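Scroll down for the structure; my scribbles are underneath it.
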Amino acid sequence: MPIPVPHHPVRVRIAPSPTGDPHVGTAYIGLFNAAFARAHHGTFVLRIEDTDQKRSSLASEQAIYQSLHWVGLRWDEGPDIGGPVGPYRQSERSAIYQHHCAQLLASGAAYRCFCSAERLDQVRADQRSRKETARYDGYCRGLDAQHAQAQADAGQECVIRLRMPTDGETEVPDALRGSVVYDNRQMDDQVLLKSDGLPTYHLANVVDDHLMGITHVIRAEEWLNSTPKHLQLYAAFGWQPPVFVHMPLLRNADKSKISKRKNPTSLQFYQRSGILPEAMLNFLGLMGYSRKDPEGDDIEKFSFEEMVADLDLGRISLGGPVFDLEKLRWINGLYIRSLAPSQLAQRALAWLDEDERAGEIASLIQERVPEFGDYLHHASPFYRGTLDYGLQARYLLMGCTAKKKTAVRLSAKASRAVFEDLVGQFEALTDWSVPAIEQAVRSAVEKSGVGLGDGMMAIRVAACGRPASPPLFESIHAIGRATLLVRLRHVQALLADPRMLVEALHAASSELEAARQALQFATEAAQPATDTSGPAAAT
RNA sequence: GCCCCGUUAGUCUAGCGGUCAGGACACGGCCCUCUCAAGGCUGGGACAGGAGUUCAAUUCUCCUACGGGGCACCA
């Protein structure tokens, strides 16, 4: 299905919220927006949706700029570079939303609601127990507008809700799905303006998209179900809605929506572990999308420009693509191999150089580096993304030292408990500092009943992949939370897999066999060569 | 629970009524080779199930199953 393109210039946007680490999903949607804009000689806008005061942060906003730049996305307008329809940060647009909201209030398309959070919770709980769709029950819908206004003026807290039609249907034209029809009775009287005076996503989004002249809203599928509300808003304002394109959601291996619990979702993780930005972009361009050569075979490797050259969003496939690290690594290898050796050297060095942890890492390994040649060996656990855990590492992960292999099963269970506790603590840590890390590690080990030495060894191996490392807490700090959590979860998966134990034992027995053979070989070699001549002696 | 979207091998995908169902990652084998990679060749592996429409369904329609998303004063 071709994407409708009006005659006026194309304007698209991405609108990330600056909460937490810059997300691969943002880059994914950004890629398709940027490519679409470029293909139509349009404009790509970056808008920051920071209306959630509690969760938004400036640091996160900066990280978004950094990471999007890293993958090679460039926007034409945004909070950092300005543009003709700013401001581009929603927290700076409060007056605009309030003004538009007043308009809806005046026309009767919206109304004030004084319901308490407790009452709303109660209503929802009741509805759920009656197996109905949970939504606002319209308690304040009939309130007299003048009276409500007076109450609000008197200082009573309230929100402003959209008055949705109570019958009929809303048809959502989606460029990839055709029209999707919603029964209006299913829909909620969505809150538009929160009691803190800031808009919700829905209001801000519609107002901004209109005011910024957005022609195509290319966003993730999770928004499809709220599009009818947005359409009602456009109608209430008397505005023409944009073309909607809902992209499939990136998935974890188990097909659920991609999440940091199950996958590294932070772009910084990939940057740090040495994924080339062009490989990352290429990989994202393969998610739900494909290009083919004249023979009809799929093209796996392509640049942004090549993607733009024959872009057709209508070819996007709707099944949720699993974000497969294996394939990402393969593509990355493709790019690394295509570099001239001098370029590779240059880029690898630049990669090391741009890592802000350089000094911290150097100070940790300094004592262990008799000559520069040893530097790479000691530094590598800090720069890698995921780690491989060999035989010895697996034993140690299971909480076993060489002395206590007999206690394997018991220890594996205890070490699982350590890692589970630790992941929980590290996720919750607000302060990623060495003392906080130390406290978390100590408490996790103590709670499990594993000896401090064995427990810390298991954690060290999980964190660094080897039993010898700089001091653990400092090392964990330098590795960083995102990467460390990826490693811990990897280890958890290993420990939860009974095959790991079998494999470890199997590997141990073949190692033993190899040792036996080596011994035999050595014994024979040590004997005086009496009859080594002639083939007959071999028997 | 209700609403919506989806479903080609373990994974990413091609296919848009008639194909030996194509390519790629991963996996196995062989070749190359001082090792390891890389590369080449090669093998196994898929249309979720059931009805219908049609001379003909992976492709169109419906039902079922399964997966996912949404149902906040979060985006």
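The structure presented is a predicted model; accordingly, all values stated were derived computationally and were not measured. Every chain is numbered from 1, with letters handed out A, B, ... down the list of sequences.
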According to a strict under-4.0 Å criterion, is [X] in side-chain N/O contact with OP1 or OP2 of [N]?
X         : N      : value
Ser226(A) : G70(B) : no
Lys292(A) : A24(B) : no
Arg329(A) : A26(B) : no
Lys194(A) : C74(B) : yes
Lys301(A) : C12(B) : no
Thr51(A)  : A75(B) : yes

Between [atom2] of [N] and [atom1] of [X], the distance in whole Å:
X         : N      : atom1 : atom2 : answer
Met247(A) : G6(B)  : CE    : P     : 15 Å
Arg119(A) : C73(B) : CZ    : P     : 12 Å
Arg55(A)  : A72(B) : CZ    : P     : 15 Å
Asp312(A) : A14(B) : CG    : C1'   : 14 Å
Lys257(A) : C74(B) : NZ    : C1'   : 10 Å
Leu193(A) : A75(B) : CG    : P     : 11 Å
Leu192(A) : A72(B) : CG    : P     : 14 Å

How is [X] classified with respect to the nucleic acid when contacts are heavy atoms under 4.0 Å: base, sugar-phosphate, or nothing?
X         : answer
Met187(A) : nothing
Ser317(A) : sugar-phosphate
Arg337(A) : sugar-phosphate
Cys115(A) : base
Val159(A) : base

Could you tell me the Watson-Crick or G-U partner of [N], where both distances fall under 3.5 Å? Say none if there is no partner.
N      : result
U53(B) : none
U58(B) : none
G6(B)  : C66(B)
A14(B) : none
C36(B) : none
A21(B) : none
G45(B) : none
G1(B)  : C71(B)

Sticking with atom [atom1], work out how far [N] lies from [M], rounded to a whole angstrom.
N      : M      : atom1 : result
G68(B) : U11(B) : P     : 13 Å
G67(B) : A26(B) : P     : 29 Å
U58(B) : C20(B) : P     : 14 Å
C5(B)  : G23(B) : P     : 34 Å
C4(B)  : C47(B) : C1'   : 25 Å
C31(B) : U19(B) : C1'   : 31 Å
U59(B) : G52(B) : P     : 14 Å
U33(B) : A48(B) : P     : 45 Å

Minimum-distance nucleotide to [X] side chain [options: [options]]:
X         : options                : value
Asp297(A) : G22(B), A14(B), A24(B) : G22(B)
Leu249(A) : C3(B), G69(B), C73(B)  : G69(B)
Arg177(A) : C73(B), U13(B), G6(B)  : G6(B)
Arg161(A) : C73(B), C5(B), G69(B)  : C73(B)
Trp330(A) : C73(B), G69(B), A26(B) : A26(B)
Ser195(A) : A75(B), A14(B), C73(B) : C73(B)
Ser256(A) : U13(B), G68(B), C73(B) : G68(B)
Glu300(A) : G23(B), A14(B), C73(B) : G23(B)
Tyr182(A) : C4(B), C73(B), G69(B)  : C4(B)
Asn225(A) : G69(B), U13(B), A75(B) : G69(B)

Is there a donor on the side chain of Lys327(A) or the base of A26(B) sitting less than 3.5 Å from an acceptor on the other?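 Side chain to base: no pair below 3.5 Å.
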
Tell whether Asp298(A) reaches the base of G23(B) with its side chain through a donor-acceptor pair below 3.5 angstrom. yes

Ring centres under 6.0 Å, that's the criterion: do Phe36(A) and Phe32(A) meet it?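 No, they do not, as the ring centres are separated by 6.0 Å or more.
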
Start at the 5' end of RNA chain B and walk down; is the nucleotide closest to Pro16(A) or to Glu222(A) reached first?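 In this pair, the answer is Glu222(A).
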
Where each residue is assigned the nucleotide of RNA chain B containing its nearest heavy atom, which of Ile299(A) and His202(A) is assigned the position nearer the 5′ end? Ile299(A)

If you measure from CG on Asp208(A) to CD on Glu49(A), what distance do you get to the nearest 0.5 Å? 7.0 Å

Does one side chain, of [X] or [Y], offer a donor that lies under 3.5 Å from an acceptor on the other?
X         : Y         : value
Asn252(A) : Ser259(A) : yes
Ser290(A) : Asp298(A) : no
Tyr201(A) : Asp52(A)  : no
Ser67(A)  : His23(A)  : no

Parallel, tilted or perpendicular: ring planes of His202(A) versus His230(A), cut at 30 and 60 degrees: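 Ring orientation, 0 to 90° scale: tilted.
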
Ring geometry between His100(A) and Phe237(A) (parallel below 30°, tilted from 30 to 60°, perpendicular above 60°):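 Geometry flag for His100(A) against Phe237(A): perpendicular rings.
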
Donor-acceptor contact below 3.5 Å, side chain Arg251(A) vs main chain Leu249(A):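 The answer is yes, because a donor-acceptor pair under 3.5 Å joins these two groups.
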
Scan Glu77(A), Arg13(A), Arg93(A) and name whichever one has a side-chain hydrogen bond (donor to acceptor under 3.5 Å, both in side chains) with Tyr88(A). Glu77(A)

